[in-house]
Protein chains: 2
Amino acid sequence: MRILIVEDEPTLGPQLKATLEGAGYAVDLATDGEDGHFLGATENYDAAILDLGLPEIDGLTVLDRWRREKRNFPVLVLTARDSWSDKVAGLDAGADDYLAKPFQTEELIARLRALIRRAAGNASSELIAGDVRLDTRSGRVTLAGEPVKLTAQEYKLLSYLLHHKGKVVSRTELIEHIYDQDFDRDSNTIEVFVTRIRKKLGADIITTIRGLGYQLDDPQG
Amino acid sequence: MRILIVEDEPTLGPQLKATLEGAGYAVDLATDGEDGHFLGATENYDAAILDLGLPEIDGLTVLDRWRREKRNFPVLVLTARDSWSDKVAGLDAGADDYLAKPFQTEELIARLRALIRRAAGNASSELIAGDVRLDTRSGRVTLAGEPVKLTAQEYKLLSYLLHHKGKVVSRTELIEHIYDQDFDRDSNTIEVFVTRIRKKLGADIITTIRGLGYQLDDPQG
DNA sequence: CTTCGACAATCAAAATCCGCATTCGGGCAC
DNA sequence: GTGCCCGAATGCGGATTTTGATTGTCGAAG
């Protein structure tokens, strides 16, 4: 999952980035509204964290522009203190959730997870396909009830496929969502991880659509 | 389906081409208006993506010339930012859709699909002929409800015929729309694929019109 | 009705493409 | 330092595409 953070404070921004990366997300950080808007408009994110108090362009403006441009990834807005008006305005402009500063990183992560889950249309924190279950809350994966140890990248890849169950996902799309901006696009990394996941969870979990990408079968779809 | 991209930016152009090819299209790329106009006037495309800011000839001029020459493939115009005037001018000159830069590749693909669909007079994303159904969104084909596995080329061929249901389609036309510019025109590749599709979906799905080409019967039309 | 020629369909082999397994070096964490 | 994970490179194998040759079919003309 790939996240965009738009945050100007020189300490908080990088700190957030580090925390989220530690939690297994691919993170891009923009330090002003101009840059933030551009990234959100150009790249493919699964969610964004947006500070409302920004230099150059105001956070609300950024959000408003994204929505006008039909960018509909979920946005979590950071408001200074309990500024009630900001909160209302943010929700009006199309924010999906808000969090008042200062906040606990744990809460931020929990809310982020909920947002991404909701955006994918899943009610529960558990993603299921066949015998495989992935709990986004604990980060655990089980195969027919037995716990399976996945590495960070394996987990990310599987999680993205589960979030888009039934859809054919191209290699490009996977790379765009699992890694952040700068990544060498032509290598067989994705294939390697698919192979490793198949080795751990069984070959039939991921279907190859030759020439197009990979697909996770949806039993009831 | 064959697409023409007219885009001068040295990174965006090839990148788009690669993405669309990954999505199963045959793509030609022109890097200036002169070349773009020539290709669009000479070859047969199912759609074109046209950047308005071009060297040599302006994008609008290219579009205008095509329309004067009665080239009526759908054109998706790329406008810089939300330049309102460009948008209006583009639609005036005969563009079928527009997209403001920067955009997300997924959205571009979705719109392109819609354009081609609309141009063929289809409202839904599902193409139907007899017992055969093809969903352009997911890329799935079913025969009487049962899923059928088609290879990339088989799919392209079938999809083109379905888009032109009822019409007699010549071999040349098929080759022109399934492959891009450089392709050896005299071979019996098309016949081979027709045979294979018939084997998978039943012989009566595609009718041969001797001396002219192939035709997909339209039961209700 | 028969024959001939042109066109279409089929088959098998060759060439190509694409994905997969494996290996390996570097880096990071413990 | 040691072990594990990541990502790049390589070669293999199978699927797919293409080619070329052969067989089959249709339609017109005699």
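Here is the naming used below: chain letters follow the sequence lines, and residue numbers restart at 1 for every chain.
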Nearest of C:dA9, D:dC6, D:dA8 to any side-chain atom of B:Tyr214?
C:dA9
Look at the side-chain N and O atoms of B:Ser187 and state whether any lies under 4.0 Å from the OP1 or OP2 oxygen of D:dT18.
no
Taking 4.0 Å as the cut-off, does a side-chain nitrogen or oxygen of A:Tyr179 come that near to OP1 or OP2 on D:dG7?
yes
Can you tell me the distance, in whole Å, between the CD1 atom of A:Ile190 and the P atom of D:dC6?
12 Å
Atom-to-atom span, CG of A:Leu174 to C1' of D:dC6 - whole angstrom:
17 Å
A:Leu161 versus A:Ile197: any side-chain heavy-atom pair under 4.5 Å?
no
Reckon B:Thr208 has a side-chain N or O less than 4.0 Å from the OP1 or OP2 of C:dA9?
yes
Interatomic distance, A:Gln153 CD vs D:dC4 P [rounded to whole Å]
18 Å
Starting at CG of B:Asn44, measure out to CD1 of B:Ile175 and round the result to the nearest 0.5 Å.
13.0 Å
Is the phosphate of C:dA6 approached by B:Arg210 (side-chain N or O, under 4.0 Å from OP1 or OP2)?
no
Atom CZ of A:Arg198 to atom P of C:dT22: distance rounded to whole Å?
13 Å
Phosphate-side-chain proximity, B:Thr189 and D:dT18, N/O vs OP1/OP2 below 4.0 Å
no
A:Phe193 CZ to D:dC4 C1', in whole Å, measures 12 Å
Specify the separation, in whole Å, of atom CG of A:Leu212 and atom C1' of C:dG19.
13 Å
Interatomic distance, B:Leu157 CG vs D:dT18 C1' [rounded to whole Å]:
15 Å
Is the base of D:dG20 touched by the side chain of B:Asn188 through a donor-acceptor pair closer than 3.5 angstrom?
yes
Look at the aromatic rings of A:Phe73 and A:Tyr45 and report parallel, tilted or perpendicular, splitting at 30° and 60°.
perpendicular
Measuring to OP1 and OP2 of D:dT17, would you say a side-chain N or O of B:Thr151 lies under 4.0 angstrom away?
yes
Within this structure, what is the CD-to-P distance between A:Glu154 and D:dG7, rounded to whole angstrom?
11 Å
Distance criterion of 3.5 Å, no angle test: do you see the side chain of A:Arg196 paired donor-to-acceptor with the base of D:dG7?
yes
Would you say a side-chain N or O of A:Lys199 is under 4.0 Å from OP1 or OP2 of C:dT22?
yes
State, yes or no, whether a side-chain contact exists between B:Ile190 and B:Tyr214 at a heavy-atom distance under 4.5 Å.
yes
Quick test of your reading of the model: are A:Lys167 and B:Asp135 salt-bridged, counting only N-O distances below 4.0 Å?
no
Heavy atoms only, 4.0 Å cut-off, all strands: where does A:Val192 land among base, sugar-phosphate and nothing?
base
